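Remarks on the structure that follows.
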There are 2 protein chains.
Amino acid sequence: MTPKKECAPRRPRGRPPSFDRETALSQAMTLFWDRGYEGTSFDDLIGVMGISASSFYNSFASKEALYMEAIEAYARREGAWFTQALESDGGVAAAFRTMLDAAAIAFTRRDAPSGCMIAVAATQCSPAQSRLRQMLIDQRHGAEAIMQARLVDGVRMGELPEDADCAGLAAYFSAVINGMGVQARDGACREKLQHIGSLAASVLQGSARSK
Amino acid sequence: MTPKKECAPRRPRGRPPSFDRETALSQAMTLFWDRGYEGTSFDDLIGVMGISASSFYNSFASKEALYMEAIEAYARREGAWFTQALESDGGVAAAFRTMLDAAAIAFTRRDAPSGCMIAVAATQCSPAQSRLRQMLIDQRHGAEAIMQARLVDGVRMGELPEDADCAGLAAYFSAVINGMGVQARDGACREKLQHIGSLAASVLQGSARSK
DNA sequence: CTTTTTTTGGTGTCATCGCTCCATAAATCC
DNA sequence: GGATTTATGGAGCGATGACACCAAAAAAAG
């Protein structure tokens, strides 16, 4: 048998960090969320994180790497409404209706920047940021693929007609969510976004097949 | 009678400019369109315009002023499809269907950057660019107001029910167009965008009142 | 011609960008 | 205690950002 790992959390070796990495990451995420990558300076970052440049580079590889991590953290933590709503019960149409409503709510929280961190990020940027841009394109495509999979599932369950264009519908809903993200950034209130979502969801209602 | 103005275009006084201001503005517009304001550097600009810093500041007040002019030029020249489609004959539903299809085409031209210069611009940016951001918010709100006016007109013409929610529908179509702008920036082809537009337009079809 | 007017090319400026270096501080290990 | 290890504070780096300055060039006006 291999020796058991220490269960009591032994303190690590050297000088203890003066800040919590996860907290700092959250603070950076919020700033990136609000200002985007190019709109957020290094000094802005270490300012809001409350650390020095040395501490920053001791915990993060670069501004770009931090942004990547921030996007991942956002997708995992703040983007839960997306997958959760799509996995909810009640059929495809209801799931998408729920998801769009959840988007409206998530995009207009008072304790976070408005809109979606991913939806409108790096659509226009310098060629120097092409890696980041591609990463965000992949994120958006990923979300679209999840939606498409849910629609395909709806067809399989007989909730949508056999000839339903799942790819087209997924692209449509993806566009609507991204558009809601723009509206939110422009100051649209929750009700306005919910109305947009409701109208968008009605497209599925029309082609949903009643049992 | 006041003395007539010279009709023959007398050459102006000093050294003739070595470049055409409108052409340079177009070149700058295209670069801004592709990279956004923060993603476009001063050197990038004078590079694509083919002029020196001196010539630049002799014709334009600042990078910010140039961007403002570029947005105006875009709205006036490249954004004609928008107003033209909405003014077309055949009723509201047809007008919006035409407009969304025109958007799909305009967003995927081969001789211009993909997407819309206004739709996705300055949604995330540094506080230093708040003037530009507000200007773009106004542009987007202006487009939404034009759509709403067309919908109100549709109600007046009896093409839509009296209780149609024109503001809500305008917000919805605005979101769809902006979302199509994101999709286009992410590389979506013309057909995909046209499909999105078609699905979006079907919302009006449903609430359109047949005479 | 000279004067006046406007544009141009080239160089310089000053702030900010993201990032690095190093001596020191604060902890554990022996 | 000393050695080792890790984190911190602070100064500073080269590159790039937008922009300013000025003498020279190229035209019309007198």
Side-chain angles (χ1 to χ4, degrees), chain A residues 5-6 8-25 27-28 31-32 35-70 122 124-132, chain B residues 5-6 8-25 27-28 31-32 35-70 122 124-132:
Chain A
K5 249 193 174 170
E6 294 281 355
R10 201 100 77 85
R11 313 281 306 275
R13 200 65 156 61
R15 173 175 176 170
S18 65
F19 69 99
D20 179 49
R21 197 182 186 280
E22 284 301 302
T23 306
L25 176 59
Q27 289 158 335
L31 202 61
F32 277 136
R35 305 185 179 179
Y37 181 75
E38 290 178 319
T40 307
S41 78
F42 182 79
D43 286 355
D44 290 339
L45 282 171
I46 62 175
V48 80
M49 295 161 101
I51 61 178
S52 68
S54 324
S55 299
F56 180 94
Y57 284 103
N58 194 46
S59 284
F60 306 97
S62 64
K63 183 190 167 189
E64 181 177 340
L66 173 63
Y67 186 77
M68 297 265 197
E69 260 197 80
Q124 286 177 323
C125 62
S126 132
Q129 267 69 54
S130 55
R131 288 170 51 88
L132 285 183
Chain B
K5 248 194 175 171
E6 293 282 356
R10 201 100 77 84
R11 317 278 305 277
R13 202 61 157 62
R15 175 174 176 171
S18 64
F19 68 100
D20 178 49
R21 196 183 187 278
E22 284 301 301
T23 305
L25 177 59
Q27 290 159 334
L31 202 61
F32 277 136
R35 305 185 179 181
Y37 180 76
E38 289 177 320
T40 308
S41 78
F42 183 79
D43 286 354
D44 290 338
L45 281 171
I46 62 175
V48 80
M49 294 162 101
I51 61 178
S52 68
S54 322
S55 298
F56 180 95
Y57 283 104
N58 194 47
S59 284
F60 306 97
S62 65
K63 183 189 166 189
E64 180 176 339
L66 173 64
Y67 186 78
M68 298 265 198
E69 260 197 81
Q124 285 178 323
C125 62
S126 131
Q129 266 70 54
S130 55
R131 287 171 50 89
L132 286 182

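Computed from a prediction, not measured in an experiment: that's the story for all the values here. Proteins get letters first, then strands, A, B, ... in listed order; numbering begins at 1 in each.
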Problem set entry | Contact under 4.0 Å: A:Ser55 side-chain N or O vs D:dA7 OP1/OP2 |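 For D:dA7, OP1/OP2 do not have a side-chain N/O of A:Ser55 under 4.0 Å.
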Exercise. Within the structure shown, what part of the strands sits under 4.0 Å from B:Ser62 by heavy-atom distance: base, sugar-phosphate, or nothing?
Worked result: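 Sugar-phosphate, no base atom in range.
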For this session: Scan A:Phe19 against the nucleic acid and name what it touches under 4.0 Å (heavy atoms): base, sugar-phosphate only, or nothing.
Result: sugar-phosphate
How long is the line joining [atom1] of [X] and [atom2] of [N], in whole Å?
X	N	atom1	atom2	answer
B:Phe60	D:dA20	CZ	P	16 Å
B:Glu64	D:dC19	CD	C1'	14 Å
B:Leu45	D:dT16	CG	C1'	15 Å
B:Asn58	D:dC19	CG	P	15 Å

For this session: Could you say whether B:Lys63 or A:Pro17 is positioned toward the 5' end of DNA chain D, judged by the nucleotide with the nearest heavy atom to each?
Result: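 Its nearest nucleotide being more 5', the pick is A:Pro17.
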State, yes or no, whether a side-chain contact exists between [X] and [Y] at a heavy-atom distance under 4.5 Å.
X	Y	answer
B:Tyr67	B:Ser62	no
A:Tyr37	A:Lys63	yes
B:Glu69	B:Arg21	yes

Exercise. For the ring pair B:Phe42 and B:Tyr57, is the centre-to-centre distance below 6.0 Å?
Worked result: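 B:Phe42 vs B:Tyr57: aromatic centres under 6.0 Å.
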Problem set entry | Nucleotides bounding contact with chain B, strand DNA chain C, heavy-atom threshold 4.0 Å |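 In short, chain B contacts DNA chain C from C:dT4 to C:dG10.
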Problem set entry | Reported CG-to-CG distance for the pair A:Leu66 and A:Leu31, which is rounded to 0.5 angstrom | 10.0 Å
Exercise. How long is the gap from CZ on A:Arg131 to CE on A:Met68, to the nearest 0.5 Å?
Worked result: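 CE of A:Met68 is found 5.0 Å from CZ of A:Arg131.
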Problem set entry | Contact summary for B:Gln129 and B:Glu38, nearest pair of heavy atoms | OE1-OE2, 2.9 Å
Problem set entry | Shortest non-hydrogen contact from B:Ser126 toward A:Gly39 | CB-O, 3.3 Å
Exercise. Does any residue of residues 36-44 of chain A have a heavy atom under 4.0 Å from DNA chain D, and if so, which ones, in number order?
Worked result: none
Dump every N/O contact between nucleotides 25-30 of chain D and the protein below 3.5 Å, one line per pair.
| from | atom 1 | to | atom 2 | distance (Å) |
| --- | --- | --- | --- | --- |
| D:dA25 | N3 | B:Arg15 | NH1 | 3.3 |
| D:dA28 | O4' | B:Arg13 | O | 2.9 |
| D:dA29 | OP1 | B:Arg10 | NH1 | 3.2 |

Enumerate donor-acceptor pairs with a distance under 3.5 Å from any side-chain N or O in residues 47-56 of chain A to protein atoms, sequence neighbours excluded.
| from | atom 1 | to | atom 2 | distance (Å) |
| --- | --- | --- | --- | --- |
| A:Ser52 | OG | A:Ser55 | N | 3.4 |
| A:Ser52 | OG | A:Ser55 | OG | 3.4 |

Between N or O atoms, less than 3.5 Å apart, protein on one side and nucleotides 10-15 of chain D on the other: list the pairs.
| from | atom 1 | to | atom 2 | distance (Å) |
| --- | --- | --- | --- | --- |
| D:dG10 | O6 | A:Ser54 | OG | 2.4 |

For this session: Sequence neighbours left out, what pairs pass salt bridge (Lys or Arg N to Asp or Glu O under 4.0 Å) with at least one residue falling in residues 40-52 of chain B?
Result: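 Non-adjacent pairs meeting salt bridge (Lys or Arg N to Asp or Glu O under 4.0 Å): B:Arg35-B:Asp44.
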